[in-house]
Amino acid sequence: MKAGCSIVEKPEGGGGYQFPDWAYKTESSPGSRQIQLWHFILELLQKEEFRHVIAWQQGEYGEFVIKDPDEVARLWGRRKCKPQMNYDKLSRALRYYYNKRILHKTKGKRFTYKFNFNKLVMPNYPFINIRSSGKIQTLLVGNEFRIEKNF
DNA sequence: TGCGGAATCT
DNA sequence: AGATTCCGCA
């Protein structure tokens, strides 16, 4: 039994929405509800209330800046039930994305990373829609839509 | 600050 | 697999 830290976070009464359930599943762990780090990053990025914590870099397509690394780590740790999470550990996980071609580092810019939308994210995750402004929306196309994971 | 190896966990 | 933890190196 897991106590204290719920596995799935509920959308608070207000109006924020989460990725649909199927977005949390992967081929390797069909039953898993564990959100992946880059899904979580995208989730924070699309919400206005986290603009002071993490935000898109205007002008650069898919590039984002972590303005408050400690806070992002804290939020991630809360979601994953890992109270000891910190930016050092979180950033290690982000670094693993380099080889998977999900992310890469924007060299010279502090706390700045860039999604490889064109190459990987868009083809495999059609529910992600990048608008001209650089903002991202999730599109719920239908529950039959499966993620085709092929990193 | 940022990197990536290594061991370990779920 | 996808992190998490720890760490030496630059």
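Quick note on labels: first sequence line is chain A, next is B, and so on, each numbered from 1.
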Whole Å only: how far is the [atom1] atom of [X] from the [atom2] atom of [N]?
X: N99(A); N: dA6(B); atom1: CG; atom2: P; value: 14 Å
X: L37(A); N: dA1(C); atom1: CG; atom2: P; value: 19 Å
X: L103(A); N: dG2(B); atom1: CG; atom2: P; value: 13 Å
X: K80(A); N: dG2(C); atom1: NZ; atom2: P; value: 11 Å
X: W38(A); N: dG2(C); atom1: CH2; atom2: P; value: 10 Å
X: R79(A); N: dA3(C); atom1: CZ; atom2: C1'; value: 15 Å

Salt bridge (Lys or Arg N to Asp or Glu O under 4.0 Å): pairs with one or both residues in residues 85-95 of chain A, sequence neighbours excluded: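 Listed once each, the pairs would be none.
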[X]: what forms a side chain to side chain donor-acceptor pair (under 3.5 Å) with it, not counting sequence neighbours?
X: T106(A); value: E63(A)
X: Y97(A); value: none
X: Q57(A); value: none

N or O in side chain of W76(A) less than 4.0 angstrom from dT4(C) OP1/OP2: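 For dT4(C), OP1/OP2 do have a side-chain N/O of W76(A) under 4.0 Å.
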Side-chain N or O of Q36(A) closer than 4.0 Å to phosphate OP1/OP2 of dA3(C):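 True: Q36(A) side-chain N/O within range (under 4.0 Å) of dA3(C) OP1/OP2.
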Closest contact, heavy atoms only, A93(A) versus L37(A):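 Smallest interatomic distance, heavy atoms only, reads CB-CD2, 3.6 Å.
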Contact summary for I54(A) and F64(A), nearest pair of heavy atoms: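 Heavy atoms only, the tightest pair is CD1-CD1, 3.8 Å.
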Residues in contact with DNA chain C, drawn from residues 85-96 of chain A - heavy-atom cutoff 4.0 Å: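 Output list: M85(A), D88(A), K89(A), R92(A), A93(A), Y96(A).
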Sub-4.0 Å heavy-atom contacts from residues 104-114 of chain A onto DNA chain B, ordered by number: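 Contacts with DNA chain B under 4.0 Å: K105(A), K109(A), R110(A), F111(A).
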Test salt bridge (Lys or Arg N to Asp or Glu O under 4.0 Å) applied to K114(A) - qualifying residues, sequence neighbours left out: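 Salt bridge (Lys or Arg N to Asp or Glu O under 4.0 Å) check on K114(A) returns E60(A).
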Pairwise ring pair (Phe, Tyr, Trp, His ring centres under 6.0 Å) hits with a residue in residues 77-96 of chain A, at least two apart: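 Of all non-adjacent pairs touching residues 77-96 of chain A, those that pass ring pair (Phe, Tyr, Trp, His ring centres under 6.0 Å) are Y87(A)-F111(A).
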Single-linkage hydrophobic cluster, 4.5 Å side-chain cutoff, V65(A) and I41(A) together: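 As far as the 4.5 Å side-chain criterion goes, I41(A) and V65(A) are not connected within one cluster.
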